[in-house]
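First up is the structure itself, then whatever we jot down about it.
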Number of protein chains: 2
Amino acid sequence: MMKNYAHSTRLLVAIDCIIFGFDGEELKLLLIKRRFEPEKGKWSLMGGFVNEEEDLEVGAERILHELTGLHNIYVEQLQTFGKVDRDPVERTLSVVFFALINIHNHDEESVKSHSACWISLKQMPKLIFDHEKMVQIALERLRYKAALHPIGFELLPEQFTIPQLQKLYEAIYDLKLDRRNFSRKILSTGLLLDTGEKNANSATKKAILYRLNKEKYESNFNNFWYFMPVTT
Amino acid sequence: MMKNYAHSTRLLVAIDCIIFGFDGEELKLLLIKRRFEPEKGKWSLMGGFVNEEEDLEVGAERILHELTGLHNIYVEQLQTFGKVDRDPVERTLSVVFFALINIHNHDEESVKSHSACWISLKQMPKLIFDHEKMVQIALERLRYKAALHPIGFELLPEQFTIPQLQKLYEAIYDLKLDRRNFSRKILSTGLLLDTGEKNANSATKKAILYRLNKEKYESNFNNFWYFMPVTT
DNA sequence: CTAATATTGTGTTGTTTTGACACATTTATG
DNA sequence: CATAAATGTGTCAAAACAACACAATATTAG
């Protein structure tokens, strides 16, 4: 048995971030064009190495802020990818986080300066290394969580309508939902507060604008809600 | 921006394993007495460093096998703990896995030789570093998953009775369930196959022994089942 | 000004699922 | 053979759900 840590191998550790956004129609990812070798110029997740004196969550925050200009966004650790040969240069672990942001909130300048783009999940290009696998697992996690917890609101503006929320869920799960049943289910959670206002940008009947009941959202976040129809 | 990896810090990376077992009454953890400094002699999770040419999952398997003598057990990556000061000797990341095993299957010799012990969750001693936090999060994950997926069977013998399964769920969630409703719910999943045999070690009416419908278990594992009563 | 069209809000209905509860059966024990 | 403890199964009312219909609102075309 080892007596101290002297003989153990030290490894490179990266942080990669999967950033989801929703434009009202489609679920999108914020991807960058990699700017150093190897795989320079290829599509990639935003990432960076863990700093010596920095907690993992802080590192994720730093990387997310660097690209989006945002603070205090929804971030969750996904999992760590550690296949020996996942990076051809040198073995590198990647601690992967996924974030949900309001697609209209990001800082255009930072995004431009990183040659980053919002790309629809359905038109995702080839990504470097194992980043596609990361995205796949993140999507599974998003689908999993959004079915049980009111996580979807993180992708919407402060004020939103029920039809918008429904479109979001339909985008996440790539299916159609019954308008009436969805509305009933969402309203029954008590998570929506009527703002009294209506959605101005509508060519037909203007939908009621709601905002999140933050108190209830936070105190009941870890409860199970059943937002999606159960398919057994 | 960095052009290669040369200037980035390399970190020590450990793997720690949370091993759950069930003795028919209580949920237990397999813990070891640490055999090197720092914190020598203190209670700890089983762990080790990641080998240079070893995938993370393989490392977890290796560590689990070293302690229990078992292969092919249920293992899942929990998350990575990376607080800068979590290890006083040197910054060490820990990729944490949790495992579910049949408590009667482990190799007594290996367990003894590691000064390991099955300890009830309710009598858990102080653990080194952030291992208590890891256990707490693993328990949350277990509770989460077991409410939605038929993960509990991993903790039981090949053949089991419905009352045994119920006791397991009651131990996981630390609550009492209605016998009749539980039975109805479990049987309605179609996951249980009647073996035709009955439980011999019973002082009263002998319960029917079931075994898992492996086919259905595997093909439907990622479906949602709702094993636990919903408390909103 | 009105009809047509698109979208939103709300109600109904029959079926299924759930939670609370009761009773009969099995088996070791005295 | 009566008792005690545990197991298997049944009932019933309330709640939740999926499927569906209709009325209200707003824009646009004529």
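Keep in mind the model is a prediction, meaning the values are calculated, not measured. Throughout, protein chains are lettered first and strands after them, A, B, ... in sequence-line order, and every chain is numbered starting at 1.
Around CG of D194(B), the count of heavy atoms belonging to other residues, nucleotides or ligands within 6.0 Å exceeds 12.
Along DNA chain C, the nucleotide nearest S202(A) and the nucleotide nearest D178(A) are compared for position; the residue whose nucleotide lies closer to the 5' end is S202(A). Nearest-nucleotide positions on DNA chain D place N181(A) closer to the 5' end than the other of N181(A) and A200(A).
Taking the six-membered ring for Trp and the full ring otherwise, the centers of F160(A) and F153(A) sit less than 6.0 Å from each other.
Scanning atom types as modelled, one donor and one acceptor separated by under 3.5 angstrom connect the side chain of R179(B) and the base of dG8(D). The base of dA18(D) lies close enough to the side chain of R184(A) for a donor and an acceptor atom to sit less than 3.5 Å apart. Interface remark: the K205(B) side chain does form a donor-acceptor pair with the dT7(D) base, using a distance-only criterion of under 3.5 Å.
A ring-ring contact (aromatic ring centres under 6.0 Å, His included) with F224(B) holds for exactly one of Y226(A), F227(A), Y144(A); it is Y144(A).
Looking only at distances, no side-chain donor or acceptor of H71(B) sits under 3.5 Å from a matching main-chain atom of H65(B). At least one donor-acceptor pair closer than 3.5 Å links the side chain of Y173(A) to the backbone N or O of A147(A).
If you take NZ of K167(A) and C1' of dA6(C), they are 11 Å apart, rounded to a whole angstrom. Residue I162(B) contributes atom CD1, which lies 6 Å from atom P of dG8(D) at whole-angstrom precision. One can place CG of L177(A) at 14 Å from P of dT8(C), the figure rounded to the nearest angstrom. With rounding to whole Å, K176(A) atom NZ is found 17 Å from dC20(D) atom P. Atom P of nucleotide dT18(C) and atom CD1 of I186(B) are separated by 12 Å, given to the nearest angstrom. Here the P atom of nucleotide dA24(C) and the CZ atom of R180(B) are 14 Å apart, to the nearest Å. In this entry the distance linking CG of D194(A) with C1' of dT10(C) reads 14 Å, nearest Å. Whole-Å rounding puts the N201(A) CG to dA6(C) C1' distance at 16 Å.
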Show each protein N/O and nucleotides 3-5 of chain C N/O combination with a separation under 3.5 Å, one pair to a line.
none

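Looking at heavy atoms from C-beta onward, F98(B) lies out of side-chain contact with C17(B) at the 4.5 angstrom threshold.
The pair K28(B)-D23(B) counts as a salt bridge, with a side-chain nitrogen and a carboxylate oxygen less than 4.0 angstrom apart.
At the heavy-atom level, I208(B) lies under 4.0 Å from the strands shown only through sugar-phosphate atoms.
In the set dT27(D), dT18(C), dC21(C), the nucleotide with an atom closest to the side chain of K185(B) is dT18(C).
Within the 4.0 Å cut-off from OP1 or OP2 of dT27(D), at least one side-chain nitrogen or oxygen of K206(A) is found.
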